[in-house]
Amino acid sequence: MAKHIDFLKKPLTEIYGENCFSDAVMKERLPADAYAELKLVQAGKTNLTKEIAEIVANSMKDWAIDKGATHYTHWFQPLTGLTAEKHDSFISPNADGTVLLEFSGKELIQGEPDASSFPNGGLRATFEARGYTAWDTTSPAFIKDQGGVKTLTIPTAFISYTGEALDKKVPLLRSMEAVNKSSVRLLRALGNTTTTRVTSTVGPEQEYFLVDEALFQKRPDLLLTGRTVFGTMSAKGQELDDHYFGAIKERVGIFMQELNYELWRLGISAKTQHNEVAPNQFELASIFSTSNLSTDSNQLVMETLKAVAKRHGMVALLHEKPFAGVNGSGKHNNWSISTDDGQNLLQPGDSPEDNAQFLLFLTAVVTAVDRFSPYLRLSAANSGNDHRLGANEAPPAIISIFLGDQLSEILDALADGTIYKKRDGQVLEVGVTTLPTFPRDMTDRNRTSPFAFTGNKFEFRMVGSSQSLAGPNVMINTTIAEILDEFAERLEKVEDKLAEIKLIVKEYYSRHRRVVFNGNGYSEEWVEEAARRGLPNLTSTVEALQEMVSDTCVNLFEKQKVFTRAELESRLEIYLETYSKQINIEAGVMVEMAKRLIAPAATRYLQEVLNSISSQKELGFKTPGQEKLAKELSLHINKLFKKSDILEEEIVKALGLEHDVIAQATAYRNKVVPAMAKLRIEGDSLEKITDKGCWPYPSYEDMLFRL
Ligand code: ADP
Ligand code: MG
C-alpha cells in the first residue's frame, strides 16, 4: 500500500532539504565564528580543530533530536558498492537512572565500525588490523527516515589506521584534489591570479526498472541476483518505442512523486524524470554538484528508489541487465570542472583568451581519454555491465570521444594548419583565439558515444546503473589532472602563452585525435574502424580490471597521489572476487531453477501430454501435434539436465581456483558464463512450449508490461 504523504500540505520550499544539515542550517545554528571556520575547513584551507568538532557535533545532535532522531550513524561506502552504517544512540546513562543525550566531537569525527567483514583485499592484513571512519566535512549530514525511524547519518571516509583507502570516497576526494591542483597550476601558468580552487562537477542520470513486487518474489533469480537468468522475450518488446514516448502510468507517477518528495527532503535535487526505452524502464536526473556530493546523493537516490518502490508494492531493479533482449540500465555521468570564481572550464568563451583556454582544456580531455582509455573503461566494469558494453546494445566497450563535427573540424584545422570552412560556406581563419559561436544543441545529436561533449561538459555514458559514481570520477579526474600538469609544465616555461597553446593543441590533438569519433558507436563498422585505429576494445570485466595494476596505471595514480600500488592491487583483488562471487551466485541460481522449477514443471506437463495422447489413441484419434510436442519436451528436459550438470562441473572447477583470483575470475568468465548461456537456451525453449498455467515463475510479459 502506498504510504500517504502530505505532499501538498507544506510548500515545496519548506520541504526541500528539511532532513539535511545543510549549509543554511549550519549558518543558522552554529555560532558565527564556528561557522566561518568550518567553511575554511570545507574549502581545505585549514584543519578541523577539536573545539570546532565539538561545537558542530552538539549542534548536529540538537538538530537531529528536534527532528526525532535517537541514533546516529557513520555512513560509508565500502568496496562492495553498497553503503554501510552502524547505529549508536545518543544516550549516556547517569548513575541515578536518568539519561543524557550526548554526541561528542570525537564521535562526529571518528568511528570504528566492526570492519572485519568488509573486503579490503589484504590491505588491513598487510598494514593494520582495523579501519576507522572519518567525517567528510564537505558532504552534509542528513536524517534518514525509514518508516518514521529517524537516524542522523554522517557521511564518512573509511580508512585503515595507516591511511590506506578502504572505500570509494577517499580516492574520489584525492582525485578531486589532484584535478584542483593541476587546474589551478595551469590557470596560473596562463596568468590567472584570481581562481583559488577548481572543482570537478557531476550531474548523474540514473536508469532503473520497476517490477511488481508480487511477481518479483516469485523469481528466485531476481531475488538473489537482481537479474533474470532465464526468461523468453514476450511477443512485444521495445520495438515500437511506445513506452519511451508514452505518458507515465498513474501508479508510476504516484511512486515518482513520493520518490521526489523523499529526495527533496534530503536536499537532493531530483529534477527530471521520464520513461526510458525499455518497457517499465525509467530515468531520474539530478542537478549537478561537486563530484563528491553527487556521488553521495546518487547512493541515496539508489537507496531511496528501492525503499519507495517497496512502499508502492514494486521493486526497483538497479541491475545493468535485468532482462535479456531489452535495453539494460546505465548511469550517465555528466562531468565538468569549474573554478571558485564561476568559470566552467569546458565552456567555450566570449573572449580570445577564454577560447584559447577552452581549447586547451578540451585538448587535455581528448588526450587523457585516448592515453588512459583502459582506466575509464575499467571504471565501468562489473558483471552486470558486461551484458551491455560490447554486447548487442551500446555504448561499446571501446572508449571514444564525441566532439561534434564543428568542433572536430576546428581542431583538425588547427592540427593540420589548414583553413576551416564554416557550415554556411564562409571561410574562417581559425586560431586558438577565434572560435565561431557554437549553438548549444550542436552536440546532443549523438547518443551512441561513450564520452560525448555536450556543449559545456562531457557525458560519460558507460557507467552501469548499479555502480557508485566514485570509481568513474576517480578515473576521469586523475587522468585529466595528469595531462593538465603536462600542459602547465610547458606553459610555465614560456612568455608567449598563446603561441605555446597553439603548439600544444596542434601537437596533442594530432597525436590523440584517433579517439575522436562522431559516427554511430553502436555499429559493427565502428568496431572494425576502432581496431584499425588501434583503440583498445576490452570487452569483459575480467580483462578490463587487470589494467588497474599495469605499470602505467600505477605510475599515474602514485604520481597524482590518488592510489598507491598496494591500494590498486587490493582493489583489483576485491573487484575480481566480487565478479567471481556474482557469477557463482547467478550460476547456482540457474542450476537450482533448472532442476527444481523448470524440470519438474516441464516433466509434469510432458506427463499430461502423454496421458492425453494415450487416452486419445484409445479412442482412435490421431495426435501428431502432441506427439511432436512430447518429443520436444522430452528432448529439452534431457538437455536441460545435461547442461545443468556441465554448468555444475564448471562451477566446481572455478571454485577450486580460489587461491588465484585472476585465474578464478577468468574461469568464471570463460567457462561458467558460456555454460550458463547454453543452459539458458534449454530453459527458455521449455518455457516457450510448456503450459503457461503451470510455469513456475512469472514471464517477461508479466513483468515488463504489467504495472
Ligand atoms: P543537456 O541539455 O546537454 O541534456 P542538461 O542541462 O539537461 O544538459 O543536463 C544534463 C545533466 O548534466 C544534468 O544532470 C545537469 O545537472 C548536468 N550538468 C549540467 N551542467 C553541468 C556541469 N557543468 N557539470 C556537470 N554536470 C552538469
Ligand atoms: Mg544522458
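Atoms considered below: every heavy atom in the structure, side chains included; atoms not considered: hydrogens, waters and symmetry mates. In this chain, residues are counted from 1 in sequence order.
- Between the side chains of D386 and T541, at least one donor N or O lies within less than 3.5 Å of an accepting N or O.
- For the residue pair T133 / H74, a side-chain donor-acceptor distance below 3.5 Å is found, with atom types taken as modelled.
- Using a cutoff of 4.0 Å between basic side-chain nitrogens and carboxylate oxygens, R565 and E558 are not scored as salt-bridged.
- When all heavy atoms are compared, the tightest approach of E567 to R174 is OE1-NH1, 3.0 Å.
- Rounding to the nearest 0.5 angstrom, the gap separating the CZ atom in R219 from the CZ atom in R227 is 10.5 Å.
- Side-chain contact between T603 and I637: present, with at least one pair of heavy atoms (C-beta onward) separated by less than 4.5 Å.
- At a cut-off of 3.5 Å, with distance as the only test, no side-chain donor of N382 or Q467 sits close to an acceptor on the other residue.
- Side-chain contact of S200 with N477: a donor-acceptor pair under 3.5 Å is present, judged by distance alone.
- Judged by distance alone, the side chains of Q281 and S329 do bring a donor and an acceptor atom under 3.5 Å apart.
- Classification of the Y208-F282 ring pair by plane angle, with boundaries at 30° and 60°, yields tilted.
- Remark: the backbone N or O of N473 is not paired with any side-chain donor or acceptor of N333 at under 3.5 angstrom.
- Ring pair F557/Y375 is perpendicular by interplanar angle, where above 60° counts as perpendicular and below 30° as parallel.
- A donor-acceptor pair shorter than 3.5 Å can be found between the side chains of E112 and Y161.
- In this structure, D167 and Q77 approach most closely via the heavy-atom pair CB-O, 3.0 Å.
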Stepwise side chain to side chain donor-acceptor pair (under 3.5 Å) check, D702 with S699 = CA-CA 5 Å; D702 296 331; S699 67; 3.2 Å; yes
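- Smallest separation of non-hydrogen atoms from E207 and G328: OE1-O, 3.7 Å.
- Taking 4.5 Å as the limit, every side-chain heavy atom of I480 sits out of range of all side-chain heavy atoms of F458.
- Side-chain polar atoms of T228 and Y700 form a donor-acceptor pair below 3.5 angstrom.
- No hydrogens or angles considered: nothing links the side chains of T151 and T153 as a donor-acceptor pair under 3.5 Å.
- Salt-bridge formation is not detected for the pair E701/K692: no Lys NZ or Arg NE/NH1/NH2 atom is positioned less than 4.0 Å from an Asp or Glu carboxylate oxygen.
- Looking at Q582 and T225, their side chains never bring a donor and an acceptor atom within 3.5 Å of each other.
- In this structure, P322 and F209 approach most closely via the heavy-atom pair CG-CD1, 3.6 Å.
- Counting only heavy atoms from C-beta outward, the side chains of R371 and T479 never approach each other to under 4.5 Å.
- In this view, K144 and E85, E303 satisfy the side chain to side chain donor-acceptor pair (under 3.5 Å) rule, not counting sequence neighbours.
- Between the side chains of T552 and N555, no donor-acceptor pair is found at a separation under 3.5 Å.
- The closest donor-acceptor contact from the side chain of D221 to the backbone of V229 lies under 3.5 Å.
- Heavy atoms only, all atoms of each residue included: L284 and A270 are closest at CD1-CB, 3.9 Å.
- Q217 CD: more than 12 foreign heavy atoms inside a 6.0 Å radius.
- Here the side chains of E648 and V652 are not in contact, with every heavy-atom distance at 4.5 Å or above.
- Other residues, nucleotides and ligands place more than 12 heavy atoms under 6.0 Å from the NZ atom of K595.
- M233 CE to K688 NZ: the interatomic distance, rounded to the nearest 0.5 Å, is 11.5 Å.
- Annotation: side chain of R377 is not in contact with side chain of M475 (no heavy-atom distance under 4.5 Å).
- In terms of heavy atoms, K331 sits closest to S465 at NZ-O, 3.1 Å.
- In terms of the side chain to side chain donor-acceptor pair (under 3.5 Å) criterion, T73 has no residue partners (sequence neighbours excluded).
- Taking 4.5 Å as the limit, some side-chain heavy atom of D296 sits within range of a side-chain heavy atom of K169.
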